[in-house]
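Structure, as structure tokens:
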Amino acid sequence: MGGLLDFGRFEQSLRQTWGEDAALARHEIYFICRRRRGWRQIAHAAAALLRDAWLCARLPRRTPPLSATVCAVSLAGASGWDSVSPLLPALRAAGQTVSVLVHPRLQGAVAGLLPAAPGRAEWRLAVLALFQPGRSALPGVSPWTIRCCLARRQLWLGSWRRTLTDAGNNTRALILHNDFDLFSAAAAEAAREMPAIRSVCVQHGLPTDEFFPTRADVQLVWGDASRKTYLAHNTPPNALVIGTYRAKPAIRFPQYLPAPRRILLVSQTHTPIFGRSLENDFLRLATELDRDLQQDSFQILLHPEENRLGHPYAAGNIRSRCRYPPHATLIPNDAALKQPALVVGFCSTALVEAAQAGHFVLGMHWEVPLSLGALAVGVPQYRVRSGAEALRLFNRLRENHRFRSEWRHTQTLWLDSVCAPLAPGWLDDCLRHGRDPGDA
């Protein structure tokens with residue numbers, strides 16, 4: 001896709017050539033253009049518009065009264081509902097009611113209300129977006145793709161405007177799991193027009209380039225490492241609040257730490273977010289480890305997307321090393337592992353969770369051009385460049401108790417920078433941040 005690989009540059013070009021409205025829809029435009037070219041791209045964009053138009057046409061004309069706190073959910077799973085739902089029980093226990101509004105495609109998967117249907121004016125704006133005059137072309141991007149996404153944006157923006165207007169002055173907080181997909185970005189934009197409402201975006205994963213520029217009034221970020229990344233991407237300091245439910249109590253380890261007996265490779269060959277394919281890197285690493293480790297000493301933990309889309313570990317004995325998700329061994333708990341492993345990966349939330357679970361974690365030092373902010377947060381302190389180096393550290397961990405203690409101390413410092421505990425009054429803290437009350 002050429003220039004489309006650089007998300008930040010693509011977003012800037014989109015703003016310069018098509019304006020701010022298109023920049024607000026940059027996430028959808030970018031990924032449609034990554035997946036399709038030519039007429040297939042246009043067909044994909046048009047089909048998405050027809051689907052959203054059908055969904056919006058079937059939305060209720062009005063939404064029931066909303067509570068002071070509203071949660072907007074556009075995705076199920078770890079990047080969506082699962083990243084905000086852990087926050088809600090504590091709010092409810094404190095006496096706060098929470099209204100959950102879901103994208104209509106999530107009906108039956110996530111319990112919640114539907115937003116209101118857009119009004120006639122928004123339908124008219126959506127139609128007009130399809131007839132915007134031609135502008136400067138972007139390589140690999142059809143103008144019709146942009147127009148279809150702009151039309152979809154108008155529909156969701158109209159839906160959220162009507163929903164939040166009908167809510168009156170009762171609603172004061174809008175909680176999002178991202179502020180860049182069309183549904184969520186429209187929610188944040190509509191909330192910005194309501195002086196009484198603050199939008200709060202909960203960090204759902206490592207801060208890759210698609211997170212920026214941020215749109216919500218407040219960003220609830222994991223820890224100091226993420227805060228530095230958000231600041232580097234021009235998020236205002238007063239828009240940042242630190243704390244996450246992902247922070248875990250410190251594990252009490254025994255004085256003599258058990259040595260790792262196996263290596264677990266956290267695979268992510270599917271991801272495009274680092275600007276180049278990682279397939280060859282992971283395959284080369286897996287081949288080296290497969291050659292030098294016994295069958296019970298090495299496993300490859302596949303990502304859910306690799307389970308769905310496929311993976312490169314098909315040749316020879318490597319295929320037998322693969323384990324499909326979910327991976328229970330990576331789930332943190334309150335007790336020290338009786339038999340920790342050396343968990344090797346590149347840059348993923350799974351490495352953070354593996355460290356919290358009590359494993360030794362090791363990052364791979366591979367050069368990539370994009371999402372360097374995610375690397376600053378999600379890469380462990382110990383890194384190597386090859387399977388041979390990983391094996392040397394593995395053997396040293398097995399043989400040297402003092403080295404295991406040093407590793408554990410360094411890893412704990414890294415975890416402290418990645419995930420800070422969530423304060424009991426985190427929502428009130430968020431509502432004190434962001435834009436001035438008079439801004440709209």
Quiz item: Between Phe298 and Ile300, is a side-chain contact (heavy atoms from CB on, under 4.5 Å) present by the stated rule, with each step listed?
Solution: CA-CA 7 Å; Phe298 173 50; Ile300 301 170; 3.7 Å; yes

Quiz item: Please walk me through it: do Ser99 and Thr69 pass side-chain contact (heavy atoms from CB on, under 4.5 Å)?
Solution: CA-CA 6 Å; Ser99 299; Thr69 302; over 6 Å; no

Exercise. Take Trp160 and Leu101, measure what side-chain contact (heavy atoms from CB on, under 4.5 Å) needs, and give me the verdict at the end.
Key: CA-CA 10 Å; Trp160 275 107; Leu101 292 176; 3.5 Å; yes

Quiz item: How far apart are the C-alpha atoms of Thr410 and Gln381, what are their side-chain angles, what is the distance that settles it, and do they pass the side chain to side chain donor-acceptor pair (under 3.5 Å) test?
Solution: CA-CA 7 Å; Thr410 302; Gln381 294 300 303; over 6 Å; no

Quiz item: Given the rule in the side-chain contact (heavy atoms from CB on, under 4.5 Å) test, do Cys201 and Gln219 qualify, once you have shown the distances and angles that lead to the verdict?
Solution: CA-CA 5 Å; Cys201 184; Gln219 303 291 325; 3.4 Å; yes

Practice problem: Kindly determine whether Gln203 and Thr244 satisfy side chain to side chain donor-acceptor pair (under 3.5 Å), including the steps that lead there. | Solution: CA-CA 8 Å; Gln203 183 181 341; Thr244 176; over 6 Å; no

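Taking CD of Gln356 as the start and CG of Leu330 as the end, the distance is 11.0 Å to the nearest 0.5 Å. Atoms CG and CG, on Leu372 and Asp209 in that order, are 7.0 Å from each other to the nearest 0.5 Å. For the atom pair SG (Cys430) and CZ (Arg198), the distance works out to 11.5 Å, reported to the nearest 0.5 Å. Atom CD1 of Ile175 is separated from atom CG of Leu87 by 6.5 Å, given to the nearest 0.5 angstrom. Interatomic distance, Ile32 CD1 to His27 NE2, rounded to the nearest 0.5 Å: 10.5 Å. Remark: Leu182 CG to Asp52 CG distance equals 7.0 Å, nearest 0.5 Å.
Between Ser184 and Asp179 the shortest side-chain heavy-atom distance does not fall below 4.5 Å. Two residues are said to be in side-chain contact when any heavy atoms from C-beta on lie closer than 4.5 Å; Asp21 and Gln154 meet this criterion. No side-chain heavy atom of Val221 sits less than 4.5 Å from a side-chain heavy atom of Thr229. The closest side-chain heavy-atom distance from Pro213 to Glu11 is below 4.5 Å. In this structure the side chain of Asp281 reaches within 4.5 angstrom of the side chain of Arg276, judged on heavy atoms. In this structure, Phe282 and His311 have side chains that are not in contact, with every pair of non-hydrogen atoms separated by 4.5 Å or more. Taking 4.5 Å as the limit, every side-chain heavy atom of Val202 sits out of range of all side-chain heavy atoms of His177. Considering only heavy atoms from C-beta on, Val368 comes within 4.5 Å of Leu278 through its side chain.
Contacts of Arg51 classified as side chain to side chain donor-acceptor pair (under 3.5 Å), with partners at least two apart in sequence or in another chain: none. Applying the ring-ring contact (aromatic ring centres under 6.0 Å, His included) rule to Tyr324 yields no partners; only residues at least two apart in sequence or on another chain are considered. Remark: His359 pairs with Thr329 by the side chain to side chain donor-acceptor pair (under 3.5 Å) rule, at least two apart or across chains. Annotation: side-chain contact (heavy atoms from CB on, under 4.5 Å) contacts of Thr171 (sequence neighbours excluded): Leu66, Val70, Ala167, Ile197. The side chain to side chain donor-acceptor pair (under 3.5 Å) test applied to Glu20 returns Arg15, Arg215, not counting sequence neighbours. With sequence neighbours left out, the side chain to side chain donor-acceptor pair (under 3.5 Å) criterion links Thr214 to Thr235.
Relative orientation of the Phe360 and Trp407 rings is perpendicular, given thresholds of 30° and 60° on the angle between their planes.
Legend: ring-ring contact (aromatic ring centres under 6.0 Å, His included) pairs involving residues 63-110, not counting sequence neighbours, sorted by first then second residue: His103-Trp156, His103-Phe183. Among residues at least two apart or in separate chains, there is no ring-ring contact (aromatic ring centres under 6.0 Å, His included) pair with a member in residues 123-145. Sorted by first and then second residue, the pairs that involve residues 209-242 and meet ring-ring contact (aromatic ring centres under 6.0 Å, His included), not counting sequence neighbours, are Phe180-Phe211, His204-Phe211, Phe212-Tyr230, Phe212-His233. Residue pairs meeting the salt bridge (charged side-chain N to carboxylate O under 4.0 Å, His left out) criterion with at least one partner in residues 158-169, sequence neighbours excluded, are Arg62-Asp166, Arg161-Glu193.
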Contacts table for residues 104-111: side-chain donor-acceptor under 3.5 angstrom, sequence neighbours left out:
residue: Arg105; atom: NE; partner: Ser74; partner atom: O; Å: 3.4
residue: Arg105; atom: NH2; partner: Ser74; partner atom: O; Å: 2.9

Could you give the side-chain donor-acceptor pairs of residues 338-355 under 3.5 Å, partners two or more places apart or in another chain?
residue: Gln339; atom: OE1; partner: Arg261; partner atom: NE; Å: 3.3
residue: Gln339; atom: NE2; partner: Ala259; partner atom: O; Å: 2.6
residue: Ser348; atom: OG; partner: Ala350; partner atom: N; Å: 3.4

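Glu210 places no side-chain N or O within 3.5 Å of a backbone atom of Phe7 that could act as its donor or acceptor partner. Put simply, the side chain of Asp224 never gets that close to the backbone of Ser417: no donor and acceptor are under 3.5 Å apart. When atom types are taken as modelled, the side chain of Ser267 and the backbone of Leu301 share no donor-acceptor pair closer than 3.5 angstrom. Side chain of Arg262 to backbone of Gln299: no donor-acceptor contact under 3.5 angstrom is found. Between the Ser159 side chain and the Leu155 main chain, no donor and acceptor come within less than 3.5 Å of each other. The backbone N or O of Ala25 lies less than 3.5 Å from no partner atom in the side chain of Glu28, so there is not a single donor-acceptor pair. A donor-acceptor distance shorter than 3.5 angstrom exists from the side chain of Arg323 to the backbone of Ser320, with no hydrogens or angles considered.
Using modelled atom types, one finds no donor on one side chain facing an acceptor on the other under 3.5 Å when comparing Gln41 with Ser142.
Nearest heavy-atom pair, Cys71 versus Val98, reported as atom, atom and distance to 0.1 Å: CB-CG1, 4.3 Å. Of all non-hydrogen atoms in Ala374 and Thr208, the two that sit nearest each other are CB-CG2, 4.0 Å. Taking all atoms of both residues into account, the shortest heavy-atom contact from Pro115 to Thr63 is C-OG1, 3.4 Å. Closest approach of Ile242 and Gly223 over heavy atoms only: CG2-CA, 3.7 Å. What you find for Ala187 and Leu164 is that their closest heavy atoms are O-CD1, 4.3 Å. Of all heavy-atom pairs between Tyr245 and Asp82, the closest is OH-O, 3.4 Å.
Checked for salt-bridge contact, Glu189 and Arg192 miss the test: no charged N lies under 4.0 Å from a carboxylate O. We find that Asp428 and Arg432 are not joined by a salt bridge, their nearest charged nitrogen and carboxylate oxygen being 4.0 Å or further apart.
Applying the 6.0 Å contact sphere to NZ of Lys228 captures no more than 12 heavy atoms from other residues, nucleotides or ligands.
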